[in-house]
Amino acid sequence: MKKLRLLVLTLLSFVFVGLLSAQVSAANGFDHSRWDTLLKQHVLPLNGGQASQVDYQGFADDKPELDRYLAALSKVKSGEFDAWPKDEQLAFLINAYNAWTVDLILTKWPDLDSIKDLGSFFRSPWSQSFIPLLGETRSLDDIEHNLIRGSGHYQDPRIHFAVNCASVGCPALRNEAYTGKHLEAQLGEQTRLFLEDRSRNRIDNGKLALSSIFKWYRKDFEKGWQGYSSLEQFLVDHAADLTLNPEEIQKLKDKDMTISFLDYDWALNKTL
């Protein structure tokens with residue numbers, strides 16, 4: 001009888017530890033430290049972080065470590081992901097997008113000048129399904145446009161300053177991993193740095209010349225996040241980052257500011 005009681009207590013303790021571990025995992029989200037180390041080693045911030053260059057050869061040399069990180073991402077089940085706080089989920093998806101973009105570049109590195117070289121007339125590189133994530137084989141488009149933008153769960157337009165398409169025209173690839181704990185501060189900083197970059201956003205002959213990101217995803221800035229119903233409202237709140245003067249700010253408020261969009265540079269964001 002004593003042995004049976006001891007066995008039952010032992011089994012119950014295992015169950016309790018398992019439940020406790022599951023609760024801790026749900027609260028803490030995913031450990032992105034391996035990706036964080038790779039980013040710190042192989043991403044060079046420029047102009048204080050407004051842009052960045054990627055050492056793809058360094059990533060190629062550390063491919064086994066990148067593969068281990070991607071394999072860990074792939075092991076996460078949908079139920080586990082759904083139990084995480086929203087910021088943990090979004091950080092996970094942004095990191096997944098950026099890491100698999102690097103992995104995609106490495107499939108042809110160093111024999112490419114642009115991520116577009118990995119596409120074809122019939123299919124863009126972003127529509128290729130090669131990513132085992134959350135129980136399905138997905139594309140980069142699926143992660144960005146369905147899991148992040150299309151879910152209606154996050155609705156944070158600042159993700160456009162965080163996901164990186166391996167191109168010079170993109171917002172900088174941050175040289176640290178996104179985490180749920182720091183996501184709000186990280187997205188805020190990425191937004192500020194991108195808007196401060198005069199190669200991407202500037203006043204030109206009295207007109208506001210913006211990155212094409214604002215043309216492609218304008219509606220994301222007008223869906224009510226932080227109360228914004230127009231792109232102009234978002235830009236007014238970031239007038240300091242754009243170094244707009246009072247007259248320019250008023251024109252934006254009155255929707256009397258001409259907005260144009262700059263050509264996008266699809267050259268690979270590699271170290272020179």
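- No more than 12 heavy atoms of other residues, nucleotides or ligands sit less than 6.0 Å from atom NZ of K181.
- More than 12 heavy atoms of other residues, nucleotides or ligands sit less than 6.0 Å from atom CG of D82.
- Using modelled atom types and a 3.5 Å distance limit, the side chains of E176 and Q186 yield a donor-acceptor pair.
- Note: Y69 and W35 have parallel aromatic rings, judged against thresholds of 30 and 60 degrees for the angle between ring planes.
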Which is it for D220 and R149 under the salt bridge (charged side-chain N to carboxylate O under 4.0 Å, His left out) test, yes or no, and what are the steps along the way? CA-CA 8 Å; D220 287 5; R149 296 178 61 235; 2.7 Å; yes

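- A side-chain N or O of D31 and one of S33 form a donor-acceptor pair less than 3.5 Å apart.
- Evaluation of the ring pair (Phe, Tyr, Trp, His ring centres under 6.0 Å) rule for Y56 yields W109 as partners, not counting sequence neighbours.
- Among all heavy-atom pairs drawn from D204 and A209, the shortest one is CB-CB, 4.2 Å.
- Taking the ring pair (Phe, Tyr, Trp, His ring centres under 6.0 Å) definition, one finds that Y178 meets it with nothing, sequence neighbours left out.
- Under a cut-off of 6.0 angstrom, the local environment of NZ in K63 is crowded, with over 12 non-hydrogen atoms contributed by other residues, nucleotides or ligands.
- A donor-acceptor pair is defined here as one N or O able to donate and one able to accept, closer than 3.5 Å; no such pair exists between the side chain of R138 and the backbone of I143.
- Within the model, atoms CZ of R174 and CG of L187 stand 8.5 Å from one another, a figure rounded to the nearest 0.5 Å.
- The aromatic rings of H32 and F92 lie tilted to each other, with the angle between the two planes from 30° to 60°.
- Residues passing the ring pair (Phe, Tyr, Trp, His ring centres under 6.0 Å) test with Y97: none are found, sequence neighbours excluded.
- Q41 and T37 are not linked by any side-chain donor-acceptor pair at a separation below 3.5 angstrom, with hydrogens and angles left out of the test.
- Within 6.0 Å of CG on D263 lie no more than 12 heavy atoms contributed by other residues, nucleotides or ligands.
- Aromatic ring centroids of F221 and Y228 lie 6.0 Å or more apart.
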